[in-house]
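Worksheet: the structure to be examined is printed underneath.
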Amino acid sequence: MPSSFALAAVEALTITLQAILLAWILSQVILDAVSPQALTLPLAGLLLVWLVRAATVGLRSHLTAGASSRTRQGLRQELFTRLAAAGPLYRGPRGTGQLSTGLIEQVDLLDPYYSRYLPQTTTALMVPGAILVAVFLTDWLAGALLLLSAPLIPGFMIIIGMGAEQISRRQQEAMGRLSGVFFDRLQGLDTLRRFGAEQRELERVQSFSEQFRERTMQVLRVAFLSSAVLEFFSAVAIATLAIYIGLGLLGMIDFAGADSLTLFKGLFILVLAPEFFNPLRTLATHWHDRAGALAAASSLRELLEAEPARMEPTQPVEAIPSRPCAVRVTNLHKRFAGREIVLDGLSLDVGAGDKLVISGPSGCGKSTLLALLAGFAEPDAGNIEINGTDLSRFTRAQLAGFRAYLGQKPLLFPGSVEDNIRFGDERADQATLQRALELSGVSAFLERLPEGLATPLGEGGHGISGGQARRLTLARALLRPRPLLLLDEPTASLDAETEQAFWRALDSAIAHQPMTVICASHSPLAEAWGDRVLRLNQGRLEQTGET
Amino acid sequence: MRPEPLRLRKLLGLRAWWLAAGAALILLSLVAGVALLALSGWFITASALAGLGLLVGLDIFTPGAGIRLAAVVRTVSRYLERLVTHEATFRLISDLRSEVFARLLRLDEYQHRGLRRGDTLNRLTADIDTLDHLFLGVVGPTIAALALTLLAALLLGLFIDPWLGLVGGLLLTLNPLLTEFTRRRGLTTSRDLVKAVPELRRAAATSLEGLADLTAFDRVQDQQKHWSRLSDRALALQERLARLDATSQGLVTMSGFVAVWLALVIGIHLFEAGTINAPVLGLIVFTLLGMGEAWQALPAAWRKLEQCRGAQHRVMEMTETSPLLDQPAQPRPPTGNAITIERLSFRYSANQPWIFRDFSLAIDAGQRLALVGPSGCGKTTLALLIMRQLDPVAGFIRLGDQDLRNLDPAAYRRHVGVLSQQPMLFRDTIAENLRLAQPDADDLALGQALATAGLADFMDNLDDGLATWLDEAGGNVSGGEARRLALARLVLTDCPVVILDEPSTGLDRATALDLSHTMDRWLGNRTTIMITHDPATLPPHDRVIRLESELL
């Protein structure tokens with residue numbers, strides 16, 4: 001950043017100037033008995049230099065705040081784009097919670113790095129450098145004394161760095177684990193109460209806190225030593241310089257340039273000495289920002305390296321299917337990094353207008369198959385053809401035009417019932433909406449909702465029942481005639497009656513709006529509803545009989 | 001009966017000595033830093049005069065020793081200060097956690113479950129962590145900065161010249177004003193930020209969890225726009241606060257330099273007038289130059305105080321809730337195992353529909369009853385009423401011949417055991433999880449309970465056996481194993497009445513049947529109420545009751 005170099009240069013300049021002016025004024029007053037009136041100009045100059053210096057300090061933080069904001073803004077966009085492209089099958093290292101932490105907290109952890117640590121490295125390089133030159137020119141032995149501590153500083157910075165990194169890592173770990181234990185107990189308060197274990201767990205939480213405190217303090221006792229060393233060097237260097245200058249002025253030192261020392265030179269060096277160490281001390285205190293940011297950056301890098309799950313076709317097809325689709329799957333393979341093979345040479349033929357149910361225990365790969373059919377991800381090998389056209393030749397928008405998808409946990413966002421249905425097609429007219437409400441069976445319960453279509457839904461569909469939520473998302477899918485409907489466990493966690501009502505609604509919808517339906521489910525009612533049931537077993541399909 | 005409010009001040013009071021020691025050490029390190037510079041300034045000026053023969057009889061050893069002492073004190077006190085303030089913070093946070101935990105434990109189970117909704121608990125944990133800033137970043141440094149400035153102002157004012165005392169007084173007024181100004185300016189922005197971040201987090205969760213639907217309907221870009229708007233807003237608020245901190249940092253630096261400048265001008269005049277000698281002039285200038293450090297970090301620290309206040313407010317609000325259920329005046333021990341429900345009416349609140357009206361049911365001792373019905377028909381509510389996690393609006397529930405409301409609540413809770421679809425297992429060892437039910441059970445008893453729950457093989461395969469650590473919410477065991485562990489815990493309570501709440505839901509059929517077999521053996525002739533929407537996988541039962549909803 002050129003601006004941070006410029007500001008550091010201005011800071012170095014003002015620091016040197018203030019030292020010259022202050023030392024000169026004092027020396028003039030004390031030794032040459034110059035009257036205060038004659039010093040008006042240098043005094044005004046000194047005030048001005050100080051004001052400029054303070055303004056530089058403020059300005060630098062202003063600039064870095066903006067820069068950090070822009071960096072994080074860009075990073076968040078990039079992360080979101082990456083994660084969206086990686087598709088619904090990408091869960092990252094530890095599920096959606098971890099991804100969301102990455103998007104928000106970990107990006108924010110980079111802030112202190114960009115706004116404090118990084119600019120401080122420039123200052124810590126330039127200011128001590130300039131001071132060293134100025135002091136050397138004044139008195140080479142004093143300069144040598146500072147220089148003597150200077151080569152030690154990188155060494156100490158490394159020690160401090162390691163220490164600080166340890167502090168922040170251990171402290172964060174300990175705090176994290178402690179918060180975890182505490183959080184866990186809070187979640188289970190009712191269980192604790194039921195077993196009458198209140199007092200016992202209270203004591204246990206306290207003893208955990210104690211243990212963590214003792215362990216963390218053991219680490220800190222050592223870790224703080226490293227910054228004490230830097231503190232020690234700066235204090236001792238100032239003391240040594242002061243004594244050297246004093247003795248030199250007294251004429252008690254007759255080597256080096258000590259005999260040419262003056263009050264001006266002495267005060268000049270004394271003003272600069274603490275300024276030499278200050279930027280380094282500040283850098284040391286920001287070191288843990290760096291440690292935190294590095295840890296965050298390494299987990300963010302993992303997210304940024306997520307591969308896109310699907311490529312948009314270079315030459316898309318011109319027309320999308322408008323009648324029930326025939327789906328042909330040939331020799332499909334899919335596996336995820338570090339996991340077992342999910343689909344192993346699966347082939348499947350679905351006729352136009354079929355109602356196919358794919359069954360199998362949870363974790364057998366039903367959802368993966370559905371996701372591949374939906375075009376959320378590309379298979380490792382094999383292909384999927386829709387009415388004879390390869391699935392990869394449809395764009396995302398084209399797919400959305402003819403393929404509807406209803407998953408296990410349908411997305412319901414805070415907004416009205418109508419907003420949630422129109423998610424399937426924002427421009428649908430009133431008649432189309434009405435039709436979708438009828439077909440999905442939403443209209444059957446609509447009047448029981450307090451405000452009908454305008455009823456607000458909370459987070460995750462709070463305000464309507466599970467069965468109502470399913471029918472609402474069915475309405476969403478039916479809002480535009482889409483000749484291919486993919487259902488992934490659409491009735492999970494519904495009771496038998498509600499589930500039956502769902503299948504009836506779907507049948508009536510198919511009667512009015514013909515489509516091919518492929519449904520993954522292990523529910524017996526779903527199996528009864530389908531024309532054909534296939535069982536997914538070890539990555540391949542087995543026929544289980546036709547109904 | 002409203003509990004006594006949680007007072008932070010009282011908690012701080014408990015650790016007053018630690019806090020005082022921390023503040024004293026910060027002050028000592030600041031004083032040593034100032035003394036180092038001031039003595040050096042004095043010594044150099046005096047030496048220059050003596051070297052020129054303008055000052056006779058200069059003792060060089062005392063100031064030399066003083067300078068060295070200041071250097072050592074500075075180093076040592078900085079180190080100790082960091083140790084002590086961290087120690088104090090850990091202790092305070094630990095006190096606060098215990099206090100919050102103890103207060104929340106007094107609430108009813110129904111209220112506990114309410115806490116689990118949304119991100120209440122997440123926020124509570126984060127809020128308590130936020131409060132450490134109050135101890136580490138605000139209290140100690142503020143006291144130390146005020147004390148240092150006051151000390152300097154008094155010494156300079158009394159021993160040298162009142163005008164110099166005024167310069168110190170200026171710092172003492174200006175800097176707290178700047179600090180307070182920063183805090184006020186940041187107030188609304190901080191508050192907006194407190195709301196903006198959870199909103200952003202929710203939008204992130206929605207985007208990630210709903211990615212399949214967003215992709216399916218080609219709405220990813222719209223969602224990204226929405227999320228970006230929220231993210232940009234949060235960033236803009238954070239940036240505004242950072243810029244405020246920058247401004248106040250510049251202003252505090254400026255006020256420090258203005259004070260040095262004023263002291264310099266006053267000092268020159270005093271020297272001119274012969275009031276002070278040259279070394280004292282050096283001392284004055286370097287004293288004020290050394291004081292700038294103390295105030296640097298304070299405006300930003302005080303600005304963050306607003307976050308602490310919000311956190312404190314939320315923690316207090318949560319801990320000041322009273323239990324909902326009335327305590328019996330003369331609690332009786334629970335006896336008998338038959339449950340009678342008579343003309344029960346219940347609704348959650350006056351503006352919500354009735355769930356039960358004049359509902360009656362008798363369950364004989366030792367009977368096994370299955371409650372079935374569609375979701376939302378009130379099965380779970382009935383279970384809560386029987387466990388007395390809720391009280392009826394009208395009507396009675398009796399155990400034997402006693403109304404539940406007359407029973408000793410703690411004893412009754414242990415009388416009725418519950419096994420739910422998602423039993424709570426704690427981040428702790430298997431042994432500790434089981435000992436919740438019976439603290440003095442030995443390893444043999446735990447082993448027997450685990451065997452009864454059908455976990456003998458499972459335990460044999462664990463390297464650490466009973467000492468195996470369970471991850472958060474039992475993350476490293478399967479759903480079936482988690483339920484069996486909860487069953488083992490229940491076995492240890494030996495409760496005569498058992499409620500099974502959807503015990504087999506979410507398990508595959510084979511596991512569910514296996515589990516129901518195990519439960520059947522243990523249930524024996526305990527009074528059992530089983531709740532399910534899928535009766536096929538329940539243990540054998542005597543009676544089935546179908547609940548139809550009042551609502552449908």
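The analysis underlying the following values was restricted to heavy atoms, covering all of them including side chains, and did not include hydrogens, waters or symmetry mates. Computed from a predicted model, the values in this text were never measured in an experiment.
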Segment of [X] engaging chain B (4.5 angstrom heavy-atom cut-off):
X	result
A:Val29	both
A:Asp488	neither
A:Thr262	neither
A:Leu270	both
A:Leu47	both
A:Ile25	side chain
A:Leu486	neither
A:Gln199	neither
A:Ala84	both
A:Leu22	side chain
A:Val107	neither

Test item: [X] and [Y] side chains (from C-beta on) under 4.5 Å apart, heavy atoms:
X	Y	result
B:Leu105	A:Glu201	no
A:Ile245	B:Ser47	no
A:Arg213	B:Ser94	no
A:Leu26	B:Leu264	yes
A:Arg76	B:Leu235	yes

Side-chain H-bond candidate by donor/acceptor type, [X] with [Y], under 3.5 Å:
X	Y	answer
A:Arg72	A:Ser68	yes
A:Asp190	B:Gln111	no
A:Glu231	B:Thr75	no
B:Gln389	B:Arg113	yes
B:Gln238	A:Ser69	no
B:Thr493	B:Gln438	no
B:Ser29	B:Arg78	no

Among the listed options [options], the residue most often paired with chain A at heavy-atom distances under 4.5 Å:
options	result
B:Thr45, B:Leu104, B:Leu289	B:Thr45
B:Thr253, B:Leu436, B:Ile44	B:Ile44
B:Leu83, B:Asp232, B:Ile67, B:Leu492	B:Leu83
B:Gly210, B:Ala71, B:Ala212, B:Ser40	B:Ala212
B:Leu214, B:Val252, B:Leu54	B:Leu214
B:Leu244, B:Val416, B:Val258, B:Thr532	B:Val416

Counting only non-hydrogen atoms closer than 4.5 Å, does [X] touch chain A with its backbone (N, CA, C, O), its side chain (CB onward), both, or neither?
X	answer
B:Arg240	neither
B:Val260	both
B:Glu87	both
B:Leu52	side chain

Quick check for you: among [options], which has the greatest number of heavy-atom pairs under 4.5 Å with chain B?
options	result
A:Arg185, A:Gln18, A:Arg476, A:Arg221	A:Arg185
A:Asn278, A:Leu399, A:Val57	A:Val57
A:Gln206, A:Arg200, A:Gln73	A:Arg200
A:Thr395, A:Val236, A:Leu83, A:Leu267	A:Leu267
A:Arg204, A:Arg403, A:Glu203	A:Arg204
A:Ser27, A:Ala397, A:Gly251	A:Ala397

Exercise. Does NZ or CZ of B:Arg219 come closer than 6.0 Å to the centre of the six-membered ring of A:Phe423, within 45° of the ring's axis?
Worked result: yes
Exercise. Is the A:Phe232-B:Tyr79 ring centre distance short of 6.0 angstrom?
Worked result: no
Exercise. Hey, does the side chain of A:Asp184 reach the backbone of B:Arg427 with a donor-acceptor pair shorter than 3.5 angstrom?
Worked result: yes
Seminar exercise, completed: Here the gap from A:Leu63 atom CG to A:Thr56 atom OG1, rounded to the nearest 0.5 Å, amounts to 10.5 Å
